[in-house]
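Taking it in order: structure first as C-alpha cells, then the write-up.
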Amino acid sequence: MMLSLALFASGNGSNLIAIFNAIQNKQLDSRINLVLSNNSESGALQFAREHGLNAIHLSSKTAPNHHDFITTMLQNLTDAHINFIALAGYMKIVPAEVITYYKNKIVNIHPALLPRFGGPGMYGLHVHEAVLKSGEKKTGATVHFVDEIYDHGAIILQKEVDVLETDTPQTLAERVLKVEHEIYPRTLQLFAEHRVQVDHNRVTILSAPNFTHVKN
Ligand code: GRF
C-alpha cells in the first residue's frame, strides 16, 4: 500500500526531512500529501513550503474554536486523501476525534526507550537530562502508536543507543536523533508493506516475504 502521509510537526522538522529523503531515495513507498504545523515559524513548515509540499498552519490561533479546529483538521486530512499520520515532533495533543477516525494509523517517535522517560514534561532535552540523571546505560528511540494518552500507545519499533560517561543532554540528543532518522522511515515502510499487525494493543511485525530461495 502506498502511504498517503500527513506529517504533523512543531519544530525543526529533521524527522520530516528524513522521511522526505527516504521517499526520494526509494526506501519508503509513500507520498507526503500534507504537512500540518501548529507553529507558523517552524522549520518543518518552511521545509514543506520550500519543497512544494501541501502545508498548513493550524493552531488555536488560526482556529480558536475547538470544534472548528477539529473540523479543519479532518477536512484537510480528507481533502489530501490521507491514510496514515506520522507525528514528527508535534507538541500538541491530537484530538480524540482524529485518533478515532485514524485508529491504528497514527504513529509518533519519541527520543527514549518507552515506556521509560515518556509522558507529560518528557520532551526535548528534558528526556535526555532525565536519562543521564537516572544513570541508565542505554537509551534510544521508539516509534509507537498514538492513542489518547501521551506517549502511551503500543510500541512498534525501538532501537537502542549507548549512554556514554561523557554525554551531555545535547550530545545524547544528537545521537538519538540520528537513530530516529533511521528508524522512522523504516517503520513507515513496514506499514507500507502491511507488515505491522495489531491485536488488542499487541504489535507483531511480520517478516519480509522471502523471494530469494537460493539453494546450492
Ligand atoms: C524528536 O526528538 C522526536 O523524537 C520528538 O521531537 C523531536 C522532533 O525533532 N518527538 P524534529 O523536529 O523532527 O527535528
Side-chain angles (χ1 to χ4, degrees), residues 3 5-25 27-28 30 32 34-51 53 55-59 84-94 98-99 106-132 136 138-163 167-189:
L3 299 182
L5 272 180
L7 282 160
F8 287 15
S10 307
N12 291 332
S14 71
N15 277 290
L16 158 67
I17 297 170
I19 292 166
F20 180 89
N21 288 338
I23 296 172
Q24 299 286 92
N25 299 336
Q27 289 158 337
L28 173 57
S30 299
I32 300 174
L34 178 65
V35 173
L36 182 148
S37 182
N38 60 301
N39 176 2
S40 61
E41 312 266 280
S42 61
L45 216 48
Q46 195 185 331
F47 177 88
R49 293 198 167 124
E50 281 170 8
H51 291 78
L53 301 173
I56 60 158
H57 170 217
L58 177 63
S59 73
F84 205 90
I85 302 173
L87 309 187
Y90 186 60
M91 301 294 284
K92 297 283 170 190
I93 287 277
V94 178
V98 177
I99 294 177
I106 311 182
V107 296
N108 180 42
I109 189 151
H110 185 78
L113 297 173
L114 291 175
R116 301 217 57 202
F117 306 107
M122 280 294 161
Y123 62 89
L125 288 179
H126 298 298
V127 178
H128 308 292
E129 276 159 12
V131 170
L132 288 177
E136 293 277 342
K138 286 200 187 294
T139 184
T142 303
V143 183
H144 64 96
F145 281 110
V146 171
D147 63 14
E148 286 82 358
I149 306 166
Y150 236 81
D151 297 333
H152 171 267
I155 291 167
I156 306 159
L157 204 102
Q158 293 187 304
K159 186 167 175 181
E160 288 183 349
V161 171
D162 288 332
V163 179
D167 264 327
T168 62
Q170 286 79 4
T171 59
L172 197 51
E174 252 172 57
R175 286 206 313 289
V176 171
L177 196 59
K178 276 206 186 116
V179 167
E180 293 183 40
H181 297 162
E182 177 197 326
I183 69 167
Y184 214 1
R186 192 173 355 127
T187 310
L188 294 174
Q189 180 59 17

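For ligands, and for the atoms within them, numbers begin at 1 and follow the listed sequence.
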Under 4.0 Å from ligand 1 - residues by heavy atom, chain and number: G11, N12, G13, S14, N15, G89, I109, H110, P111, L177, E180
Side-chain donor-acceptor contact under 3.5 Å, N38 with S10: yes
Heavy atoms, side chains only, cut-off 4.5 Å: are Q189 and Q27 in contact? no
Under the side-chain contact (heavy atoms from CB on, under 4.5 Å) rule, collect the residues that match up with A44, sequence neighbours excluded. A9, L16, S42
Do any side-chain atoms of residues 110-129 form donor-acceptor pairs under 3.5 angstrom with protein atoms, and if so which ones, sequence neighbours left out?
from, atom 1, to, atom 2, distance (Å)
H110, NE2, F117, O, 2.7
R116, NH1, E136, OE2, 2.0

Would you say E174 and Q170 are linked by a side-chain donor-acceptor pair, where the criterion is simply a distance under 3.5 Å? no
Under the rule for side-chain contact (heavy atoms from CB on, under 4.5 Å), what residues qualify as partners of I93, not counting sequence neighbours? Y150
